[in-house]
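Just so it is clear: chains get the letters A, B, ... in the order the sequence lines come, proteins before strands, and each one is counted from 1. Predicted model only: the values in this text are computed from it and were never measured.
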Protein chains: 2
Amino acid sequence: MINDDNIDIEEYTLIFKALAHPTRLTIAYNLMFKSECNVNRMSECLGISQPTVSQHLLILKNAKVLTSHRNGNQICYKVENPKVIKILKQLSE
Amino acid sequence: MINDDNIDIEEYTLIFKALAHPTRLTIAYNLMFKSECNVNRMSECLGISQPTVSQHLLILKNAKVLTSHRNGNQICYKVENPKVIKILKQLSE
DNA sequence: TATAAATATTCTAATATTCGAATATATTAA
DNA sequence: TTAATATATTCGAATATTAGAATATTTATA
């Protein structure tokens, strides 16, 4: 087996690591199909504390799975990375 | 955000967890495009001890990322899971 | 059967991840 | 400016992951 790096293993490892948790995969998957951005609502719907959700969101941001921007009082999280979008799309096809 | 489980979060979490390691992602990705099945060669090429490679292969098998069958003296590992194939294909497209 | 080759398992120390409690920061509105 | 709301950060205990050394198992062949 030859490890010819025609893909960026480290980059995808980071992405998969970010998606490799039920809470984070749920967040990312749902953000793909709904334009939801309220951290507190995520916290309520997932039944997980707000600080914990924020930590998961940070991991997703660091892996470039999510982007964020402030919208008034709230932070809006989105899936914009085309590599991530391609992966997440496969899950329901 | 509503968590309408139209995908199996646990199943994909397991898959992503398996792929979320540089060694395992390299193995899975390469097995997609080459029909390589020799554990010792993987060990040599990756520069990782054979027991460690075997442990990674077990994780990949448990996540149903890889299948295996004996071929004489050796064990042949393959990517056959269509869900995994769809995901891995996206990485180089 | 005995030996070699290929692969798997067990064990353990080092490191990483996970969660929520407590707290901090940032923004909006009174 | 103050209070309320939304989000982020820090910390520590519990748990999980990682790697390789040592060993075991399985198969092929002499």
Side-chain angles (χ1 to χ4, degrees), chain A residues 1 3 9-28 30-31 34-79, chain B residues 1 3 9-28 30-31 34-79:
Chain A
M1 176 189 295
N3 179 9
I9 291 288
E10 292 300 331
E11 179 186 14
Y12 279 112
T13 295
L14 199 60
I15 290 172
F16 287 135
K17 210 168 177 178
L19 296 176
H21 187 283
T23 297
R24 294 195 296 267
L25 181 54
T26 300
I27 290 171
N30 281 292
L31 283 177
K34 310 180 177 68
S35 53
E36 172 57 53
C37 53
N38 189 316
V39 176
N40 276 322
R41 275 250 292 288
M42 293 190 208
S43 168
E44 286 163 21
C45 291
L46 295 167
I48 289 165
S49 75
Q50 176 272 313
T52 297
V53 172
S54 270
Q55 284 180 94
H56 284 307
L57 289 170
L58 182 63
I59 290 168
L60 289 163
K61 269 190 71 176
N62 286 342
K64 305 209 195 307
V65 169
L66 300 183
T67 55
S68 70
H69 67 270
R70 181 170 290 275
N71 187 0
N73 217 6
Q74 309 178 165
I75 311 286
C76 180
Y77 283 91
K78 277 186 188 167
V79 183
Chain B
M1 177 189 292
N3 180 9
I9 292 288
E10 291 302 331
E11 180 187 13
Y12 279 113
T13 296
L14 198 61
I15 290 172
F16 287 135
K17 210 167 175 179
L19 296 176
H21 187 284
T23 298
R24 293 195 297 266
L25 181 54
T26 300
I27 290 171
N30 281 293
L31 283 176
K34 309 180 179 66
S35 54
E36 172 58 53
C37 54
N38 189 317
V39 176
N40 276 324
R41 275 251 293 288
M42 293 190 209
S43 167
E44 285 162 23
C45 291
L46 296 167
I48 291 165
S49 75
Q50 176 272 314
T52 296
V53 172
S54 271
Q55 285 181 96
H56 283 307
L57 289 170
L58 183 61
I59 290 168
L60 289 163
K61 269 190 70 177
N62 287 342
K64 305 206 194 309
V65 168
L66 301 183
T67 55
S68 71
H69 69 268
R70 182 170 289 275
N71 187 0
N73 218 5
Q74 310 179 161
I75 311 287
C76 181
Y77 284 91
K78 276 186 189 167
V79 183

>> Both A:Gln50 and A:Gln55 contact DNA chain C. Taking the nearest nucleotide for each, which residue is further toward the 5' end?
In response: A:Gln55
>> On the nucleotide D:dT27, are OP1 or OP2 found under 4.0 Å from the side-chain N or O atoms that B:Arg70 carries?
In response: yes
Nearest-Å distance for atom pair [atom1]/[atom2], residues [X] and [N]:
{"X": "B:Asn73", "N": "D:dA28", "atom1": "CG", "atom2": "P", "value": "7 Å"}
{"X": "B:Leu46", "N": "D:dG20", "atom1": "CG", "atom2": "C1'", "value": "15 Å"}
{"X": "B:Asn40", "N": "D:dT26", "atom1": "CG", "atom2": "C1'", "value": "14 Å"}

>> Among residues at least two apart in sequence or on other chains, which ones pass ring pair (Phe, Tyr, Trp, His ring centres under 6.0 Å) with A:Tyr12?
In response: none
> Can you name the salt bridge (charged side-chain N to carboxylate O under 4.0 Å, His left out) partners of A:Glu10, sequence neighbours left out?
Replying inline: none
> Quick one: salt bridge (charged side-chain N to carboxylate O under 4.0 Å, His left out) partners of A:Glu11, sequence neighbours excluded?
Replying inline: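 Here the qualifying residues are A:Lys83.
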> side chain to side chain donor-acceptor pair (under 3.5 Å) with A:Gln50: which residues, sequence neighbours excluded?
Replying inline: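 With neighbours one apart ignored, the set is A:Ser54.
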>> Test of understanding: with side-chain contact (heavy atoms from CB on, under 4.5 Å), list the residues that count as partners of A:Ala28, not counting sequence neighbours.
In response: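 Only A:Leu19, A:Val65, A:Leu88 meet the side-chain contact (heavy atoms from CB on, under 4.5 Å) criterion with A:Ala28.
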> With sequence neighbours excluded, what pairs up with B:Thr13 under the side-chain contact (heavy atoms from CB on, under 4.5 Å) test?
Replying inline: A:Pro22, A:Leu25, B:Ile9
> Under the criterion side chain to side chain contact (heavy atoms under 4.5 Å, CB included), which of A:Val53, A:Leu57, A:Ile59 is the partner of A:Arg24?
Replying inline: A:Ile59
> Can you pull the contact range of chain A along DNA chain C, 5' to 3', using atoms under 4.0 angstrom from its heavy atoms?
Replying inline: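 The contact span of chain A on DNA chain C goes from C:dT17 to C:dT28.
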>> Once salt bridge (Lys or Arg N to Asp or Glu O under 4.0 Å) is applied, what residue pairs with a partner in residues 48-76 of chain A remain, sequence neighbours excluded?
In response: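 The answer is none; no pair qualifies.
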> Which ones in residues 14-24 of chain B lie close to DNA chain D, meaning a heavy atom under 4.0 Å from one of its atoms?
Replying inline: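 Residues of residues 14-24 of chain B that come under 4.0 Å of DNA chain D are, in numerical order, B:Lys17, B:His21, B:Arg24.
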